[in-house]
Amino acid sequence: MLKVLIPTIMMFPMIWLASPKWLWTTAGTQSLLIAFMSLVWLKWTSEAGWTSSNAYLATDPLSAPLLVLSCWLLPLMILASQNHINPEPINRQRSYIMLLTSLQAFLIMAFGATEIILFYIMFETTLIPTLIIITRWGNQAERLNAGTYFLFYTLAGSLPLLVALLLLQQSTGTLSMFMLQYSQPMQLNSWGHMVWWAGCLIAFLVKMPLYGVHLWLPKAHVEAPVAGSMVLAAVLLKLGGYGMMRMMVILDPLSKELAYPFIILALWGVIMTGSICLRQTDLKSLIAYSSVGHMGLVAGGILIQTPWGFSGAIILMIAHGLVSSALFCLANTAYERTHSRTMILARGLQVIFPLAAVWWFIANLANLALPPLPNLMGEIMIITTLFGWSPWTILLTGLGTLITASYSLYMFLMSQRGPTPNHIVGLQPFHTREHLLVTLHLAPIILLVAKPELMWGWCY
């Protein structure tokens with residue numbers, strides 16, 4: 001764990017001491033080296049389930065893929081941000097890269113924590129860099145409003161979790177993930193226990209976000225700069241799913257009765273957000289709403305608590321992280337050229353940027369879960385689990401899948417096909433940096449088809 005965490009922390013002096021000319025190159029290179037070093041976590045040799053470097057930080061098959069995803073994303077965010085942050089004063093450039101790096105350090109400690117209270121502290125700490133990135137480097141004046149939504153939704157959800165964790169510490173005497181799985185099942189039967197159950201999960205459901213408490217997400221995505229959107233979609237939403245998986249282990253037997261409304265809300269959200277996507281005009285907003293739909297499926301898979309549901313949830317989280325991040329990068333490259341996120345103003349881009357249209361096509365097909373990509377694997381496992389739980393759910397999940405395919409194709413056709421307007425014929429061509437950026441998103445997804453057990457978690 002420390003062999004990745006210490007180089008990440010050592011990036012801070014490098015960012016402030018590097019010469020302005022080489023700042024982006026050195027930051028990108030060092031973060032890419034850290035990302036390659038993090039791949040060591042995927043090689044699983046331990047039979048005990050956990051591989052621990054000390055009492056507080058450890059990896060297991062559930063956290064390892066999410067840790068690697070967090071490390072993989074930093075070089076990609078640095079690559080994506082270079083164009084629009086470069087004209088700014090050098091100190092602001094350094095601050096921006098430092099915020100991205102600090103976010104990675106906090107995420108490594110959040111996903112690697114073995115004490116639930118350490119996970120909670122890091123879960124909250126990730127708010128600070130994200131909030132500064134959204135409010136300081138956002139595109140429009142609405143960004144302060146978006147930052148406020150983001151902050152208050154997350155804080156309102158996570159304060160009950162802190163109280164719930166203190167009560168758990170009082171009743172079991174420990175908050176260590178090593179110990180809690182072996183502790184005696186708690187006799188939960190009163191109203192107070194039901195409130196405690198909700199307190200444990202609501203913070204994570206807001207973070208995911210569950211439909212109904214999702215309003216902060218489209219605002220935050222639309223106003224954030226490209227790196228903010230990437231890290232929100234790819235990793236910060238996954239903190240919610242990961243936290244739920246860790247907490248569900250100790251919440252039995254109440255989950256059997258209390259999970260019903262949340263599963264129904266999650267599945268209804270898949271259909272509702274899909275329908276909202278069908279009539280979006282704003283490209284980033286469409287991608288943001290599609291994230292809510294996918295995370296609804298993940299929430300359903302986790303709440304049912306079967307090995308297939310858990311596995312499908314992890315696979316879909318990893319695949320969705322890479323795909324939605326790639327879509328935000330592509331949306332940003334279009335925005336940097338046309339200075340508009342409205343799809344109808346920039347159509348027919350395939351004629352001008354044929355290779356970029358190929359990237360759009362692959363990313364959209366991955367988003368609508370084309371076989372044999374891991375997105376489909378995750379969705380099918382979750383849909384099968386839900387069907388086994390209640391056959392009626394096939395109506396909601398089937399309709400949701402159909403709507404997902406519809407809006408993904410709509411997004412591709414609106415932005416790439418059709419007559420090219422005269423005002424965008426003379427656009428600047430794509431840079432090699434941008435092609436590399438999208439390749440580094442889509443290559444892992446295609447490679448994971450060959451070895452999906454890297455992200456199955458501890459279910460097999």
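Since the model is a prediction, treat every value here as computed from it, not as a measurement. Throughout, numbering of the chain's residues begins at 1 and tracks the sequence.
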- Stepwise ring-ring contact (aromatic ring centres under 6.0 Å, His included) test for W359 and F412: CA-CA 11 Å; W359 297 136; F412 178 74; over 10 Å; no

- Message: Aromatic contact between Y407 and Y289, with the criterion being ring centroids under 6.0 Å apart: yes or no?
- Response: no

- Message: Any non-hydrogen side-chain atom of N367 less than 4.5 Å from a side-chain atom of H294?
- Response: yes

- Query: Which pair of non-hydrogen atoms, one from W216 and one from V206, has the smallest distance, and what is that distance?
  - Reply: NE1-O, 3.1 Å

- Are any of the side-chain heavy atoms of M317 and M245 separated by less than 4.5 Å? yes

- Item | Side-chain (W360) to main-chain (L355) donor-acceptor, under 3.5 angstrom | no

- Task: Supply the atom-to-atom distance L74 CG to S70 OG, rounded to the nearest 0.5 angstrom.
- Result: 10.0 Å

- T114 side chain near L57 side chain, heavy-atom distance below 4.5 Å: no

- One should read off an interatomic distance between S102 OG and I97 CD1, to the nearest 0.5 angstrom, of 12.0 Å

- Could you go through the side-chain contact (heavy atoms from CB on, under 4.5 Å) check for V235 and L66 one step at a time? CA-CA 8 Å; V235 192; L66 291 161; over 6 Å; no

- Message: When you compare the side chain of V292 with that of I276, does any pair of heavy atoms fall below 4.5 Å?
- Response: no

- Item | Whether R143 side chain and A224 backbone form a donor-acceptor pair below 3.5 Å | no

- Note on the structure: One should read off an interatomic distance between M244 CE and Q305 CD, to the nearest 0.5 angstrom, of 9.0 Å

- Message: I need the minimum non-hydrogen distance between A220 and L232, along with the two atoms involved.
- Response: CB-CD1, 3.9 Å

- Message: If you define the side chain from C-beta out and look only at heavy atoms, does anything of V231 sit under 4.5 Å from L100?
- Response: no

- Query: Would you find a donor on one side and an acceptor on the other, under 3.5 Å apart, between the side chain of T342 and the backbone of L345?
  - Reply: no

- Item | Charged tip of K219 within 45° of F150 ring normal and under 6.0 Å | no

- Query: Can any side-chain N or O of N375 pair as donor or acceptor with the backbone N or O of A366 at less than 3.5 Å?
  - Reply: yes

- So with a 6.0 Å cut-off around CE of M10, is the heavy-atom count from everything else above 12? no

- Does the side chain of M411 come within less than 4.5 Å of Q416's, by heavy atoms? no

- Query: Please walk me through it: do L237 and S291 pass side-chain contact (heavy atoms from CB on, under 4.5 Å)?
  - Reply: CA-CA 9 Å; L237 303 189; S291 293; 4.1 Å; yes

- Item | Test: R337 cationic atom under 6.0 Å from F353 six-membered ring centre, within 45° of axis | yes

- Atom of M37, atom of P7 and distance for their closest heavy-atom approach: CE-CG, 3.9 Å

- Task: With the side chain counted from C-beta on, respond yes when L73 and S325 share a heavy-atom pair under 4.5 Å apart, and no when they do not.
- Result: yes

- Enclosure of Q170 CD (heavy-atom neighbours >12, cutoff 6.0 Å): no

- Please work out which of the three classes, parallel, tilted or perpendicular, describes the rings of W50 and F178, given edges at 30° and 60°. perpendicular

- Message: Angle between ring planes, F36 versus W72, binned at 30° and 60°: parallel, tilted or perpendicular?
- Response: perpendicular

- Would you say T59's side chain and A64's backbone share a donor-acceptor pair under 3.5 angstrom? no

- Message: Taking side chain to side chain contact (heavy atoms under 4.5 Å, CB included) as the criterion, tell me which of I287, V438, N364 meets it with L330.
- Response: V438

- Message: Using 0.5 Å steps for rounding, measure from the CD atom of E223 to the OH atom of Y149.
- Response: 12.0 Å

- Query: If you take all heavy atoms of S229 and K284, which pair is closest and at what distance?
  - Reply: OG-NZ, 3.2 Å

- Message: I'd like to know if the side chain of D60 reaches the main chain of S63, judged simply by a donor and an acceptor atom lying under 3.5 Å from each other, with no hydrogens or angles considered.
- Response: yes

- Between F123 and F204, is a ring-ring contact (aromatic ring centres under 6.0 Å, His included) present by the stated rule, with each step listed? CA-CA 10 Å; F123 176 82; F204 302 126; 5.5 Å; yes

- Item | Side chain Y120, main chain S158, donor-acceptor under 3.5 Å | yes

- Query: Judged by atom type as modelled, is there a donor-acceptor pair below 3.5 Å linking the side chain of E434 to the main-chain atoms of H431?
  - Reply: yes

- Message: Testing the basics here: between T101 and I15, what is the closest heavy-atom pair and its distance to 0.1 Å?
- Response: OG1-CD1, 3.5 Å

- Note on the structure: To the nearest 0.5 Å, atom CG of L151 lies from atom CG of L127 at 6.0 Å

- Interatomic distance, CZ@R94 vs CE@M14, rounded to 0.5 Å, equals 9.5 Å

- Task: Please say whether the positively charged group of R136, taken as NZ for Lys or CZ for Arg, lies over the ring of Y96, i.e. under 6.0 angstrom from the six-membered ring centre and within 45 degrees of the axis.
- Result: no

- Message: Quick one, K3 with V40, criterion side-chain contact (heavy atoms from CB on, under 4.5 Å). Give me CA distance, side-chain angles, the key distance, then yes/no.
- Response: CA-CA 10 Å; K3 63 178 170 279; V40 176; 4.0 Å; yes

- Query: Can you check whether H320's main-chain N or O pairs, donor with acceptor, with K238's side chain at less than 3.5 Å?
  - Reply: no

- Any idea which heavy atoms bring W196 and L251 closest together, and the distance? CZ3-CD2, 3.4 Å

- Message: Go through it in stages, so that I can follow the logic: the residues are V298 and I302, the test is side-chain contact (heavy atoms from CB on, under 4.5 Å), and I'd like the CA-CA distance, side-chain angles, deciding distance and then a yes or no.
- Response: CA-CA 6 Å; V298 170; I302 296 170; 3.8 Å; yes

- Message: Just by distance, no angles: are the side chains of T154 and K207 close enough, under 3.5 Å, to form a donor-acceptor pair?
- Response: no

- Look at the side chain of W308 and the backbone N and O of M381, then say whether any donor-acceptor pair between them is shorter than 3.5 Å. no

- Are L107 and L236 side-chain neighbours, meaning at least one heavy-atom pair lies under 4.5 Å? yes

- F328 and H221: ring-ring contact (aromatic ring centres under 6.0 Å, His included), yes or no, with the steps? CA-CA 9 Å; F328 276 117; H221 268 313; 4.6 Å; yes

